[in-house]
Amino acid sequence: YSFCTLLSHHRFNMSDNGGVSWGGVLAGVAGTLLVQKLLQGCCQKSEAEKRYKWRAAKSANERRRIFKEFVQGVQDDITKTLGELDGQAVFEEDAWEKPNGRGQGRTRVIKNGSIFEQGGCNWSEVFGANLPPAILKKHPHLQGKTFYATGVSMVLHPKNPHIPTVHLNYRYFEAGTIESDAIEQDNVWWFGGGMDLTPWVLYEEDAVSFHQHVKDACDKHGDNLYLPLKKYADEYFCNKHRAEGRGIGGHFYDYFDGNPDKTLYQGENAEMKKWCMDNKYMQPSMSWEQIFEFAKSQAAAFLPAYIEIIKRRREVKVTEDERNWQLYRRGRYVEFNLVHDRGTLFGLQVNGRVESILMSLPPVVKWTYMHKAKCEAEEKLVDALATPKDWLNVEKE
């Protein structure tokens with residue numbers, strides 16, 4: 001303001017002969033226009049920062065409603081389609097509510113089917129007055145905030161070891177003033193989710209096709225999304241105490257809020273974060289609506305990706321050794337879910353419904369002391385889990 005006043009003061013200086021100094025006028029006008037442009041830029045930057053801080057046109061209540069309807073729809077599509085594909089068993093629903101209206105859910109379980117030995121697909125939502133430690137550890141500034149979380153989570157354990165176990169989860173989290181018809185710019189929100197495949201008998205054809213479906217869904221929203229999210233899945237879905245992957249990955253993202261100053265990888269591995277920084281794998285500057293569309297594309301890719309594999313493998317004959325190997329490897333799956341899985345830890349920390357949280361566990365499993373791979377197929381799987389593989393060769397492009 002003082003700079004503008006200074007220029008205005010000299011705008012109409014008189015010349016030495018008492019006339020108007022037109023050079024001074026022009027200089028003054030030019031200076032004024034320059035200052036106006038600078039001030040306009042500052043205002044625009046301020047507005048841009050304000051928009052960036054929130055980047056959403058929906059009210060808090062609308063955001064909850066929209067994402068809730070989405071994940072309920074994902075649950076409906078999965079349970080109807082895969083129940084019909086199984087043909088022998090269906091998903092049975094157990095609807096539940098938390099006391100005092102602080103949460104509800106629909107747990108749907110299938111068991112003893114022609115394809116699925118057991119599996120579940122859950123939708124739930126929860127309101128809370130105190131954030132769980134897992135969230136506060138990463139976001140201590142949210143201490144004392146109320147929160148809302150909703151999502152769909154699915155784990156399926158086929159009986160035939162030639163069909164992989166599969167996991168899917170898409171979720172939304174918001175903290176601040178949750179029940180409001182206003183935008184609530186001071187609220188904090190993010191999206192998370194992913195899907196991954198855990199084979200017991202490794203077919204490279206299945207791994208490649210699964211990852212291609214994931215990549216195609218990512219590429220609809222940017223050509224730099226698949227690789228870092230694939231690496232995030234490899235790092236996250238890992239039994240670190242065993243130094244091996246839970247499976248052959250897929251994609252994973254968390255704390256996704258469209259902040260371009262944040263890496264796409266939001267874990268605690270410093271090397272992964274540096275790799276993202278060095279290669280400019282930052283979160284794209286996306287609005288709430290754009291990230292929502294990204295989540296929708298990912299969820300829509302699941303059924304075509306998995307059904308393709310089921311149809312290729314469902315008639316493959318199973319040997320006793322293959323079944324025993326599957327049961328032994330399922331033990332590693334249980335280890336991950338109980339030791340490392342954030343969803344399990346979050347659910348238990350917010351006093352979630354234990355039966356629904358632990359529906360991800362397989363119905364039959366074995367632990368064998370110092371069990372080793374006994375044949376080439378088993379060794380092939382162990383080798384693939386020891387070092388994450390670039391199934392689509394995207395790092396060479």
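Bear in mind the structure is a predicted one, so any value in this text is a computation, not a measurement. Position 1 is the first residue of the sequence; numbering continues from there. Because only heavy atoms are used, hydrogens play no part in the values below, and waters and symmetry mates are left out as well, while side chains stay in.
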Pair [X] + [Y], salt bridge at N-O below 4.0 Å:
{"X": "Lys372", "Y": "Glu379", "answer": "no"}
{"X": "Lys389", "Y": "Glu204", "answer": "yes"}
{"X": "Lys230", "Y": "Asp390", "answer": "no"}
{"X": "Lys80", "Y": "Glu84", "answer": "yes"}
{"X": "Asp321", "Y": "Lys374", "answer": "no"}
{"X": "Arg102", "Y": "Glu97", "answer": "no"}
{"X": "Asp94", "Y": "Arg108", "answer": "no"}
{"X": "Asp186", "Y": "Lys145", "answer": "no"}
{"X": "Arg65", "Y": "Glu69", "answer": "yes"}
{"X": "Lys231", "Y": "Glu395", "answer": "yes"}
{"X": "Asp76", "Y": "Arg106", "answer": "yes"}
{"X": "Lys58", "Y": "Asp181", "answer": "no"}
{"X": "Glu125", "Y": "Lys98", "answer": "no"}
{"X": "Glu117", "Y": "Lys111", "answer": "no"}

Do you know which two heavy atoms are closest between [X] and [Y], and how far apart they sit?
{"X": "Leu202", "Y": "Ala384", "result": "CD2-CB, 3.5 Å"}
{"X": "Leu358", "Y": "Thr344", "result": "CD2-CG2, 4.4 Å"}
{"X": "Gly113", "Y": "Ala89", "result": "CA-CB, 3.6 Å"}
{"X": "Val382", "Y": "Ala373", "result": "CG2-CB, 4.3 Å"}

With distance as the sole test, does [X] use its side chain to make a donor-acceptor pair with the main-chain N or O of [Y] at under 3.5 Å?
{"X": "Asn122", "Y": "Ser356", "result": "yes"}
{"X": "Ser209", "Y": "Asp206", "result": "yes"}
{"X": "Asn187", "Y": "Thr177", "result": "yes"}
{"X": "Gln283", "Y": "Lys262", "result": "no"}
{"X": "Tyr232", "Y": "Gly267", "result": "yes"}
{"X": "Gln266", "Y": "Thr263", "result": "yes"}
{"X": "Arg330", "Y": "Val364", "result": "yes"}
{"X": "Arg246", "Y": "Asn337", "result": "no"}
{"X": "Lys240", "Y": "Glu235", "result": "yes"}

Counting only heavy atoms from other residues, nucleotides and ligands, does the tally under 6.0 Å from [atom1] of [X] exceed 12?
{"X": "Glu93", "atom1": "CD", "result": "yes"}
{"X": "Asp223", "atom1": "CG", "result": "no"}
{"X": "Glu92", "atom1": "CD", "result": "no"}

Side-chain contact test, heavy atoms from C-beta onward, threshold under 4.5 Å: evaluate it for [X] versus [Y] and give yes or no.
{"X": "Asn61", "Y": "Glu179", "value": "yes"}
{"X": "Leu392", "Y": "Gln212", "value": "yes"}
{"X": "Ile307", "Y": "Leu82", "value": "yes"}
{"X": "Asn324", "Y": "Glu320", "value": "yes"}
{"X": "Gln75", "Y": "Thr79", "value": "yes"}
{"X": "Leu264", "Y": "Leu229", "value": "yes"}
{"X": "Trp200", "Y": "Thr165", "value": "yes"}

Sub-6.0 Å ring centroid separation between [X] and [Y]:
{"X": "Trp391", "Y": "Phe210", "result": "no"}
{"X": "Tyr253", "Y": "Phe294", "result": "yes"}
{"X": "Tyr333", "Y": "His157", "result": "yes"}
{"X": "Phe237", "Y": "His167", "result": "yes"}
{"X": "Phe67", "Y": "Phe191", "result": "yes"}

For Tyr255 and Trp189, test the side chains for any donor-to-acceptor distance below 3.5 angstrom and give the result as yes or no.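 Short answer, no.
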Any donor-acceptor pair under 3.5 Å linking the side-chain atoms of Trp123 with those of Thr150? yes
State the [atom1]-[atom2] distance between [X] and [Y], to the nearest 0.5 angstrom.
{"X": "Cys238", "Y": "Asn269", "atom1": "SG", "atom2": "CG", "result": "10.0 Å"}
{"X": "Ile163", "Y": "Phe116", "atom1": "CD1", "atom2": "CZ", "result": "7.5 Å"}
{"X": "Lys366", "Y": "Gln326", "atom1": "NZ", "atom2": "CD", "result": "10.5 Å"}

Only counting residues at least two apart or in another chain, list the ones meeting side chain to side chain contact (heavy atoms under 4.5 Å, CB included) with Leu136. Leu131, Leu142, Gln143
Stepwise ring-ring contact (aromatic ring centres under 6.0 Å, His included) test for Phe336 and Tyr236: CA-CA 10 Å; Phe336 175 87; Tyr236 176 72; 5.8 Å; yes
Classify the ring geometry of [X] against [Y]: parallel below 30°, tilted from 30° to 60°, perpendicular beyond 60°.
{"X": "Phe147", "Y": "Phe173", "value": "parallel"}
{"X": "Trp325", "Y": "Tyr328", "value": "tilted"}
{"X": "Trp275", "Y": "Tyr281", "value": "parallel"}

Side-chain donor-acceptor pairs of residues 296-306 under 3.5 Å, sequence neighbours excluded:
unit_1 : atom_1 : unit_2 : atom_2 : d
Lys296 : NZ     : Glu293 : OE2    : 3.2
Ser297 : OG     : His221 : NE2    : 2.7
Ser297 : OG     : Glu293 : O      : 3.2
Gln298 : OE1    : His251 : NE2    : 3.0
Tyr306 : OH     : Pro164 : O      : 2.7

Given the rule that I, L, V, M, F, W and Y join up when any side-chain heavy atoms are under 4.5 Å apart, are Val201 and Ile248 in one cluster?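 Different clusters.
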